[in-house]
Amino acid sequence: GLPMLQRDNRQHLVATQTLVREMDLGIFFGSIADLNSQLRDKERLRELSGNVWGKRLHFCFDTHAGTLTSFFQKIIRSKKRSIIADKASA
């Protein structure tokens with residue numbers, strides 16, 4: 001897997017940075033010199049690459065399709081019940 005490269009934005013709330021840090025999937029850098037230094041650490045790059053490869057299914061649509069389908073079906077049922085209730089009270 002290919003690790004994510006992202007400017008270090010620790011001082012801000014950045015969802016992708018939080019996720020990538022928690023899952024150890026990327027390199028965060030403050031400058032080009034910092035990035036250059038980190039990209040030369042072959043052992044760390046192998047570790048990150050393995051992490052990305054190992055967690056790849058977490059980012060695949062098919063992994064979440066069933067949950068999404070269930071969520072949308074629940075919303076549709078709720079909306080249908082609401083429409084029926086509105087018609088019954090009219």
Donor-acceptor under 3.5 Å ([X] side chain, [Y] main chain):
X: K55; Y: L25; value: no
X: Q6; Y: F29; value: no
X: T69; Y: A65; value: yes
X: S49; Y: G1; value: yes
X: S37; Y: A33; value: no
X: R7; Y: G30; value: yes
X: S82; Y: S78; value: no

Value rounded to 0.5 Å, distance of [atom1] in [X] from [atom2] in [Y]:
X: H58; Y: H64; atom1: NE2; atom2: NE2; result: 5.0 Å
X: F28; Y: L35; atom1: CZ; atom2: CG; result: 12.0 Å
X: L45; Y: Q38; atom1: CG; atom2: CD; result: 9.0 Å
X: F71; Y: I75; atom1: CZ; atom2: CD1; result: 4.0 Å
X: I84; Y: K79; atom1: CD1; atom2: NZ; result: 12.0 Å

Carboxylate-amine/guanidinium contact R81 D86, below 4.0 Å: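 A salt bridge is absent here (no side-chain N lies under 4.0 Å from a carboxylate O).
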
Ionic contact status for R44 with D24, cut-off 4.0 Å: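 Looking at R44 together with D24, the answer is yes, because their closest N to O distance falls below 4.0 Å.
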
Pairwise side-chain contact, F59 with V52, heavy-atom cut-off 4.5 Å (strictly under):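 No - every pair of side-chain heavy atoms lies 4.5 Å or more apart.
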
Any L5 side-chain heavy atom under 4.5 Å of L39 side chain: yes

Exercise: do E47 and N51 side chains pair donor with acceptor under 3.5 Å: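 Side chains of E47 and N51: no pair found under 3.5 Å.
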
Chi angles and distances behind the salt bridge (charged side-chain N to carboxylate O under 4.0 Å, His left out) call for R46, D41: CA-CA 9 Å; R46 275 191 294 278; D41 185 346; over 6 Å; no

Intermediate values then yes/no, side-chain contact (heavy atoms from CB on, under 4.5 Å), Q17 and N9: CA-CA 8 Å; Q17 180 166 296; N9 289 301; 3.7 Å; yes

Trace of the side-chain contact (heavy atoms from CB on, under 4.5 Å) decision for D34 with D8: CA-CA 10 Å; D34 179 26; D8 191 346; over 6 Å; no

ILVMFWY network linking M4 to L19, side-chain heavy atoms under 4.5 angstrom: yes

Co-membership, hydrophobic cluster, residues V20 and I27, 4.5 Å side-chain: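 No, V20 and I27 fall in different hydrophobic clusters.
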
Nearest heavy-atom neighbours spanning P3 and G26: CB-CA, 4.2 Å

R10, CZ atom: more than 12 neighbouring heavy atoms under 6.0 Å: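 12 or below, so no.
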
Residues, nucleotides or ligands: over 12 heavy atoms within 6.0 Å of L13 CG: no

